[in-house]
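Throughout, a chain's letter reflects where its sequence line sits, starting with A, and its residues are numbered from 1.
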Amino acid sequence: MAEITKSYEPRDVEKKWYAEWLSAHAFAGKVTPGKDPYTIVIPPPNVTGVLTMGHVLNNTIQDMLIRRARLEGKSAMWLPGTDHAGIATQTVVERQLRKEKKTRHDFGREKFLEKVWEWRTEKGGIILEQLRRLGASCDWDRTQFTMDAHYSKAVLDVFVKLFDRGHIYRGKRMVNWCPVSQTALSDEEVIMKPVNGTIYRVRYERTDAPGLFVEVKTTRPETIPGDVAIAVHPADPRYEGWVGKKVRRALGPDAEIPIIADESVDKEFGTGALKITPAHDKVDFEIGVRHKLPVIDVLEADGKLNALAGPDLAGMDRFAGRKKAAELLKERGALVAEEAYANNVGYSERADVPIEPRLTWQWWLKYPRIEEAKAAVRDGHIKFHPERWSKVYLHWLENIQDWCISRQLWWGHRIPVWYRKGLDKEKLTEADINDPTKVHVSLAGPADPENWVQEDDVLDTWASSWLWPFATMGWPDEDKMKAQGLDYFYPTTTLVTGPDIIFFWVARMIMAGLEFMRPGDSIERRIPFKHVYFTGIIRDQQGRKMSKSLGNSPDPLDLIDTYGADGLRFGIVSIAPQGQDIRFQEDRIESGKNFCNKLWNACRFRQMSGEAGDNSSLSAILSRLVPDKFDSDDHAILQRLLSTTREVDRCFAEFEFSAAVQALYGFFWNDFCDWYVEVSKSKLQSAETKPTCLAIQDLVLRQTLLLLHPVIPFITEELWHQLGYGAPGTSIEDVQIDNASKVAHAANVHGIVLDTAAAAAVESLKELVSKSRALKADHNLASRRDVKFFLTTGDREWQTVEGNLAKLLRMCGATSLERCDKVDGAPAVVTTLGTLYLDLASTVDPVAEKARLTKELDQLAKHIAGTEARLSNEAFVSKAPPAVLEGARKQLADQKAKRAELERLLKSLVG
RNA sequence: GGACCUUUAGCUCAGUUGGUUAGAGCGUUUCGUUGACAUCGAAAAGGUCACUGGUUCGAGUCCAGUAAGGUCCA
């Protein structure tokens with residue numbers, strides 16, 4: 001076996017093991033009857049995406065779950081893939097074309113799509129490559145893309161089915177229009193942002209009574225040419241007698257518009273009068289419908305004003321038009337005032353520009369299975385972690401609106417609808433849409449395509465990703481489903497994602513699963529996943545969301561180069577508590593790297609300490625232990641190993657990953673390295689204690705590597721082999737991890753009965769060591785090893801000290817530690833094992849020594865007062881549980897004894 | 001306007017059903033390279049647990065309210 005190097009160099013180790021895992025097909029998800037499946041489908045990153053810190057966190061957690069599942073003996077399968085990301089990808093390619101001074105229209109639909117496919121072939125796999133660097137153990141042979149032929153077929157099949165089931169309709173309604181992308185958006189793709197703008201007070205003059213005006217407030221004067229009425233509340237006394245009269249439109253082609261009464265007008269807002277512009281506001285549109293008002297659309301798809309806005313405004317951009325409109329109103333004396341105004345404006349999520357409410361023909365989906373989707377989460381068939389997100393989810397479902405699923409893009413799944421040639425698409429009625437002689441809806445298309453024209457629109461990207469948990473495994477093709485094991489792996493076990501896509505994706509997947517999977521079966525069999533773990537959002541030091549545009553996100557690949565993939569994984573998991581946003585700190589990643597180095601060196605120490613024994617299995621190591629030779633340190637470290645194993649078991653079951661990592665960190669660094677390895681150094685000197693000490697190190701290291709492997713897979717695999725825990729050609733994941741009770745049971749089988757008092761004994765030894773060091777540090781003696789200590793103590797305590805003397809001398813850095821009755825004038829410290837004196841009587845400064853003891857005494861006095869107060873409280877004594885009462889009494893006794901000792905020491909000081 | 005989250009050491013955060021003297025990492029100060037590790041070791045300083053009130057023998061923890069910051073929905 002090669003000697004372990006002095007420091008851990010991740011680069012080669014990571015490269016080597018990832019290649020080995022791939023060639024061994026270690027990540028392949030296999031249908032294995034008799035084994036429980038454990039399935040995760042990756043939240044497919046956009047093909048345009050590059051790895052961000054969010055991806056690192058998200059995918060590290062998925063990999064941890066998958067690797068832990070493999071270690072637990074489950075048939076684990078992690079399915080990777082990418083999302084075609086309609087708008088995002090089309091935008092990227094269009095931006096490229098713009099550099100060549102071209103638009104997609106210069107190419108035409110077909111040629112443009114070829115360009116996008118070229119782009120995706122060339123650059124679309126980057127993020128999956130990056131995930132490999134991170135160590136992601138995805139079953140790469142199953143990699144899916146939402147535009148793959150098979151997947152596309154599933155998407156279109158679902159459209160046809162939902163159309164046939166009456167869930168899909170075409171309607172001319174108000175949509176959120178993005179003038180930059182020039183497509184409709186769903187409500188979820190609109191981000192409300194507070195904007196400090198201007199509100200314009202505009203007056204309209206009565207045509208029948210010149211000189212009489214009605215005043216309204218608007219933030220959008222450029223839409224005044226689209227006004228078709230002024231609305232007031234019917235019970236508003238200010239406008240008694242006004243309803244039915246007409247006013248002159250303040251801007252645009254000359255027109256008289258009526259004053260109407262509508263209950264929905266808010267009397268409290270402004271003057272209580274509202275201008276009605278049905279083409280450019282959702283509320284206005286509804287009022288317009290109620291009053292059968294015309295619709296005058298003054299905007300083009302690209303956000304420019306059109307001829308209906310009048311010659312002064314036509315051709316202007318909407319924002320320039322707003323300024324111009326204000327000027328024109330002013331000239332005409334119609335502008336009463338401009339006021340600063342803060343309001344919320346909807347922005348396009350992708351293009352980051354204000355959206356326009358726009359009346360267009362679109363395809364809509366009435367969500368299926370809404371009630372069942374609520375029940376699935378409410379009744380606990382699907383568990384959210386943290387649970388509180390279920391409230392957000394349920395609230396959204398309570399208020400759910402139909403989903404606008406059509407997009408005016410080219411990159412996407414083209415809607416499988418054909419219109420009979422010669423029909424005017426804009427004039428189709430509901431009956432026409434459902435008339436197969438006029439509108440054809442099918443997967444295959446019409447038999448006589450020459451007589452039909454296909455719908456231009458494509459589907460919203462999310463209308464493909466909502467099928468991800470089953471369309472990725474061959475659905476709906478029976479043969480493919482069988483080959484890919486859909487029936488075995490579905491429902492998937494856990495979904496790991498961010499709470500920001502709870503509506504976009506999580507809720508919709510639940511509805512899709514319930515609608516399409518295993519019709520007629522129970523709800524547990526139809527849901528797409530059993531657990532949803534919501535990660536926090538990674539923020540920068542200032543608390544801002546990390547984003548490409550802000551440039552505040554470190555490149556994870558740089559971090560991998562600097563700290564290793566394992567260091568990055570360990571660091572990011574350790575700072576990601578359940579459901580809380582994360583403020584990124586690079587030094588935590590550094591501490592992940594340091595932990596790896598610590599682990600490496602502890603294993604190196606084991607290797608240097610003696611010959612390797614039989615490490616081939618847990619049982620082989622256990623049989624090397626001689627329980628009779630155990631001292632309290634051996635008992636204590638094994639107990640801590642068990643309690644840590646139990647804690648990690650619990651953390652994985654409850655999705656508390658940072659707690660798991662912290663438990664392992666504390667156990668390994670503090671309990672094992674700082675204490676057990678240090679005491680080993682003297683145990684290894686004796687032929688009598690050495691074999692058991694080595695076996696215990698092997699036991700702890702073996703089990704710790706198994707517990708750590710899901711978090712830091714590369715280094716644990718490497719050390720596993722370096723220390724001979726696995727046969728050549730096997731992997732650490734070929735071994736099954738035992739939970740705490742199984743490990744305890746195995747130990748019992750080998751005659752190991754752990755002494756529960758050992759932990760307390762070790763704690764008292766640690767205290768003695770720590771206080772002896774402090775005593776030395778106080779007297780600037782940290783480096784010397786030639787000090788002598790004296791201890792005044794009882795027989796029992798001395799027995800403990802004597803039994804561990806060699807270790808104690810080494811740990812305290814002393815040549816001797818002798819028992820004696822009384823030492824005068826030496827610096828001393830009170831411990832549970834007795835009063836420890838530093839043999840330095842001649843060099844001591846009594847004044848400083850007094851100060852030190854007095855300070856400790858003062859602190860102790862406060863604690864005694866507190867304990868006494870509690871115990872003298874009648875209510876406490878009569879109502880507190882006996883164990884608590886007993887604890888308090890013992891505490892007081894100990895504190896008083898310590899006080900007496902300190903007082904004695906103080907008195908004994910000369911001067 | 002509605003809902004949710006956060007507020008604990010200089011910084012970032014733990015603190016499980018209320019119960020000894022509230023913890024960790026980083027940072028700071030002092031000391032230390034003796035054969036696992038300086039990517040390290042030892043010691044130390046540092047907190048009226050945002051505020052007010054309540055429940056309780058006992059509150060960082062439970063309840064109500066206030067303040068500040070954040071997120072989502074309208």
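- The side chain of A:Glu9 has B:rU39 as its nearest neighbour among B:rU21, B:rU39, B:rG25.
- In this structure, B:rU28 forms a base pair with B:rA44, meeting either the Watson-Crick or the G-U wobble geometry with both donor-acceptor distances under 3.5 Å.
- In this structure, A:Lys681 is positioned above the aromatic face of A:Phe605, its NZ or CZ under 6.0 Å from the six-membered ring centre and within 45° of the axis.
- Across all strands shown, the partner of B:rU71 is B:rA3, judged by Watson-Crick or G-U wobble contacts whose two distances both fall under 3.5 Å.
- The nucleotide whose nearest atom lies closest to any side-chain atom of A:Asp587 is, among B:rA36, B:rU39, B:rC26, B:rC26.
- Residue A:Ala880 places its side chain closer to B:rC57 than to any other of B:rC57, B:rG25, B:rA36.
- With B:rU39, B:rC57, B:rU12 as the candidates, the nucleotide lying closest to the side chain of A:Phe876 is B:rC57.
- Among the nucleotides B:rA43, B:rC37, B:rG25, the one closest to any side-chain atom of A:Ser770 is B:rA43.
- Checking the phosphate oxygens (OP1, OP2) of B:rA36, no side-chain nitrogen or oxygen of A:Gln607 falls inside 4.0 Å.
- As judged by a 4.0 angstrom heavy-atom cut-off over every strand, A:Ala602 is placed among the base-contacting residues.
- With a cut-off of 3.5 Å on both Watson-Crick or G-U wobble distances, the partner of B:rA59 is given as none.
- Both tests do not hold together for A:Arg640 against A:Trp675: distance to the six-membered ring centre under 6.0 Å, angle to the ring axis within 45°.
- The base of B:rA36 sits with one of its N or O atoms less than 3.5 Å from a complementary donor or acceptor on the side chain of A:Glu678.
- Among B:rU12, B:rA38, B:rC5, the nucleotide with an atom closest to any side-chain atom of A:Arg583 is B:rU12.
- Residue A:Gln685 contributes atom CD, which lies 13 Å from atom P of B:rG35 at whole-angstrom precision.
- Enclosure of atom CZ in A:Arg388 by more than 12 non-hydrogen atoms of other residues, nucleotides or ligands within 6.0 angstrom is indicated.
- Relative to the side chain of A:Asn601, the nucleotides B:rU21, B:rA36, B:rG41 differ in distance, and B:rA36 lies closest.
- When distances run from any side-chain atom of A:His395 to the nucleotides B:rA36, B:rC4, B:rC73, the shortest one goes to B:rC73.
- Of the candidate nucleotides B:rC5, B:rC37, B:rC72, B:rC37 has the atom nearest to the side chain of A:Lys598.
- Between A:Asn594 and B:rC40 there is a side-chain N or O to OP1 or OP2 distance below 4.0 Å.
- Nearest nucleotide to the side chain of A:Trp669, out of B:rC40, B:rA14, B:rU21: B:rC40.
- Ring-centre distance between A:Trp396 and A:Phe503: below the 6.0 Å cut-off.
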